Amino acid sequence: MMNSPEAESSTHSESNDKAAPSTSNVSGQEENVPKSEKSPLKRKSAGPKNAKTKKHKKARVSRSAQLGYTVHQGEDMLLVISNASSQYDGSVWKPQKRRIKKKTVVKGKVKSTQVKKLKTVRAKPKPANNPVTKTEEDTAAFVPQKPVDHRWGQSLPEEVLVNIFNMVVVQDGAVPFLCRVGRVCRLWNAAASSPVLWRKVCVSHCWIASGKKQLPKTEKKIKETFDWLAQNRFSQLRDFSLCHWSKNANYAVEVVSQSCPHLRSLKLSYCTGLTAGAFQILGQHSSSLQSINLQYSEFQVEGLLEYLENHGRQIKQILFTHALKNDRLLAALSRGCCPDLELLEVNTKLDSKNCELSICIHALQTACPKLKTFRMLNVRPLHKTVRSGADSTSGFPLLEELCIATTSYSYMTDKDLLDILFSSTRLRVLDLRGCSRITPPGLATLPCPELECLFWGQYFSSHIGLPSPKKGLHMVTQKWSQTLQQLDIANQLFSEEDLEIAMRNLAEATEADKLRSLNLSGTRITPPALRSVVGQMTGLNYLNLSSCRYLPRGVKRIYRGQEDIHQLLDKLE
């Protein structure tokens, strides 16, 4: 075999003599030229054989395969070995792709065009023949490996997860939070199924928006889901609330009554459709029930009255909304169907008008001697005539909170207030907002030596029936200066001198640091009177001075926090 260039050239010359002269120059190039670029060629006259010789192709030189890594110099004179999966991909040098020229014939002339060379696949070099690759394998042992991705939620003890979930349940409720986190993994599902987390549950309209109708399929799904919750989650349920259920409220109460033997509190808010049958099942299965809250809900009053007649001795809390039919409940309580009642609340909406409630205080005191909290919110009580023998009542000796607040005008007088509290020596909270007929001498005669919260502001919009400016506020502050923590006298028409004496009584008390909240909005408080109380009350956190016309500009606003109140003291000086 001849490897010299002379032998190779002689071999090509012999092959050219045998070939046709008209096709010797383009036969090798037509295979790669597109059909559209081909053009018919004319035969040329035969010339000398060696006039034009074919250009010899260069012998292909075999190149070694490209390495799978690159070694280059990095920062601080360090040699960095990077491969295809390295973080230094942007700094690896890559050779430019080789471009070859193709010849095309246009009208007898040869025109060169650039065509990209196809990428060829080369075999990877063997590790045994490449000593540098061996060094790469040795250095790979010192590269730190990424830690295994263990999710923290799957490695925590179940007790820790239960405590974390309990913090969320206290703030946001058990539903739908526990239902969602139970789908994360098996560990979370086991923690979310703990009966401790399901002792207090509130279910609202989570399947359908309020005001829309329920399809039969949706109603079936609601019942199936509620059955599953009652069987698998409500075994230790204590407090249950149902909100905004226009349908299936009766079914929910029945299921909870039958599946939850430890139920103590039942609350229905803005619900409709509760029948007497639900109260019957409630009485048969819920022997531990102590609290019933039916505010802003529609129900059959006859069913609830029958339940109270049969099981009223176990009830300690009742809350309902004022209505013509619901007022029969107050008459039933005055007859003594709930002798152990501790909380009674009757309310109505803020925009309601003429909400007058006839009530016999002496009969209620005789029927509920253990009452601790008595609230009539936005309801004007009308006292009935006292029958014979009612004077022997003992009143409310355990009462701690009395609320008769209203946004409209109230007819309660000092005598009416004394009839309710003549034996309430444990009273801590007294809310008389809207009771404009109550006077400071009437408050000073109450047998409540340790009153902590007094709310006496006037918030009704109409000023019809307002009395003349009051006097004697210093009697109130002198009586409870040692115990008051919250005082609200907003929009009370006391004189500047009376306010100054009252604030001085609070400031000179030995236990002055007990006062935390003071509302003087709309009063005639002056800077000297305000300076005395603010300078001494180091524990004051809330101060309302809005709409105080006797104060300078820039001061009449609400102050929150001790630092903000101390800045006010600098302005007053």
Side-chain angles (χ1 to χ4, degrees), residues 404-410 412 414 429-444 451-481 483-509 512 514-537 539-561 564-569 571-573:
I404 317 178
T406 178
T407 56
S408 60
Y409 185 73
S410 176
M412 177 164 285
D414 295 338
V429 179
L430 181 59
D431 192 347
L432 300 174
R433 287 174 290 183
C435 300
S436 58
R437 292 190 176 185
I438 302 296
T439 62
L443 292 177
L451 191 68
E452 297 177 357
C453 302
L454 176 60
F455 303 99
W456 197 17
Q458 307 299 324
Y459 294 98
F460 48 85
S461 56
S462 122
H463 296 276
I464 299 177
L466 278 177
S468 58
K470 299 178 181 180
K471 296 180 180 181
L473 181 62
H474 63 279
M475 303 172 62
V476 177
T477 56
Q478 185 178 3
K479 180 180 180 61
W480 293 306
S481 61
T483 59
L484 273 179
Q485 298 181 8
Q486 299 183 34
L487 178 61
D488 179 7
I489 53 173
N491 302 315
Q492 288 284 8
L493 301 179
F494 292 106
S495 62
E496 300 92 318
E497 295 80 6
D498 199 3
L499 285 171
E500 187 173 354
I501 298 173
M503 296 298 106
R504 190 183 303 118
N505 291 336
L506 293 176
E508 293 176 355
K514 284 190 175 182
L515 190 63
R516 298 291 180 268
S517 174
L518 180 61
N519 190 350
L520 301 174
S521 175
T523 60
R524 301 177 180 179
I525 190 72
T526 58
L530 186 61
R531 191 183 303 112
S532 63
V533 67
V534 172
Q536 297 295 330
M537 300 296 177
L540 195 63
N541 293 321
Y542 177 84
L543 179 61
N544 191 347
L545 299 178
S546 58
S547 304
C548 294
R549 298 183 178 180
Y550 289 79
L551 294 179
R553 293 182 179 181
V555 176
K556 297 177 285 186
R557 64 181 182 89
I558 299 176
Y559 297 84
R560 292 182 174 89
D564 195 13
I565 295 175
H566 285 313
Q567 293 179 359
L568 167 66
L569 186 61
K571 295 180 181 179
L572 294 176
E573 292 177 355

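Keep in mind it's a predicted model, so treat the numbers as computed, not measured.
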Chi angles and distances behind the side chain to side chain contact (heavy atoms under 4.5 Å, CB included) call for Ile525, Phe494:
CA-CA 9 Å; Ile525 190 72; Phe494 292 106; over 6 Å; no

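- Of the possible polar contacts, none joining the Asn491 side chain to the Leu493 backbone as a donor-acceptor pair under 3.5 Å is found.
- A distance of 8.5 Å separates OG1 in Thr526 from CZ in Arg531, rounded to the nearest 0.5 Å.
- Leu432 and Trp456 make their closest contact through O-CD1, 3.9 Å (heavy atoms, listed as atom of the first residue, atom of the second, distance).
- Between atom CG of residue Asp488 and atom CG of residue Leu520 there is a gap of 9.0 Å, rounded to the nearest 0.5 Å.
- Here the closest non-hydrogen pair linking Val533 and Ala507 is CA-CB, 4.2 Å.
- Scanning both residues, Met503 and Ala529, for their nearest heavy atoms gives CB-O, 3.6 Å.
- In this structure, Gly535 and Leu569 approach most closely via the heavy-atom pair CA-CD2, 4.1 Å.
- To the nearest 0.5 angstrom, Leu540 atom CG is 9.0 Å from His566 atom NE2.
- For the side chain to side chain donor-acceptor pair (under 3.5 Å) test, no residue two or more places apart in sequence or in another chain qualifies with Arg504.
- Each of Lys471, His474, Arg524 was evaluated against Asp498; a single residue qualifies, His474, per the side chain to side chain donor-acceptor pair (under 3.5 Å) test.
- With sequence neighbours excluded, no residue satisfies side chain to side chain donor-acceptor pair (under 3.5 Å) with Gln486.
- Separating the CZ atom in Arg433 from the OG atom in Ser410 is a distance of 13.0 Å, to the nearest 0.5 Å.
- For Asn505, the side chain to side chain donor-acceptor pair (under 3.5 Å) partners two or more places apart in sequence, or in a different chain, are Thr477.
- Counting heavy atoms from C-beta outward, Met537 and Leu506 have side chains that approach closer than 4.5 Å.
- Leu568 is listed as a side-chain neighbour of Leu543, based on a closest heavy-atom distance under 4.5 Å.
- A distance of 9.0 Å separates CG in Asn519 from CG in Leu545, rounded to the nearest 0.5 Å.
- For Arg557, the salt bridge (charged side-chain N to carboxylate O under 4.0 Å, His left out) partners at least two apart in sequence or on another chain are Asp564.
- Contact check for Leu499 versus Thr523: side-chain heavy atoms found under the 4.5 Å cut-off.
- Between Ile565 and Asn541, the shortest heavy-atom distance links the atoms CD1-C, 4.0 Å.
- For Asp414, the salt bridge (charged side-chain N to carboxylate O under 4.0 Å, His left out) criterion is met by no residue, not counting sequence neighbours.
- When the side chain to side chain donor-acceptor pair (under 3.5 Å) test is applied to Ser546, the partners found at least two apart in sequence or on another chain are Ser521, Asn544.
- Side-chain atoms of Val555 and Pro552, non-hydrogen and from C-beta on, do get closer than 4.5 Å to each other.
- Among all heavy-atom pairs drawn from Arg437 and Met412, the shortest one is CB-O, 3.3 Å.
- Residues Ser517 and Leu487 have side chains not in contact (no heavy-atom distance under 4.5 Å, counting atoms from C-beta outward).
- No side-chain heavy atom of Val429 sits less than 4.5 Å from a side-chain heavy atom of Glu452.
- Exactly one residue among Leu451, Thr439, Leu443 makes a side chain to side chain contact (heavy atoms under 4.5 Å, CB included) with Val476. That residue is Leu443.
- A cation-pi contact, defined as under 6.0 Å to the ring centre and within 45° of the axis, is absent between Arg560 and Tyr542.
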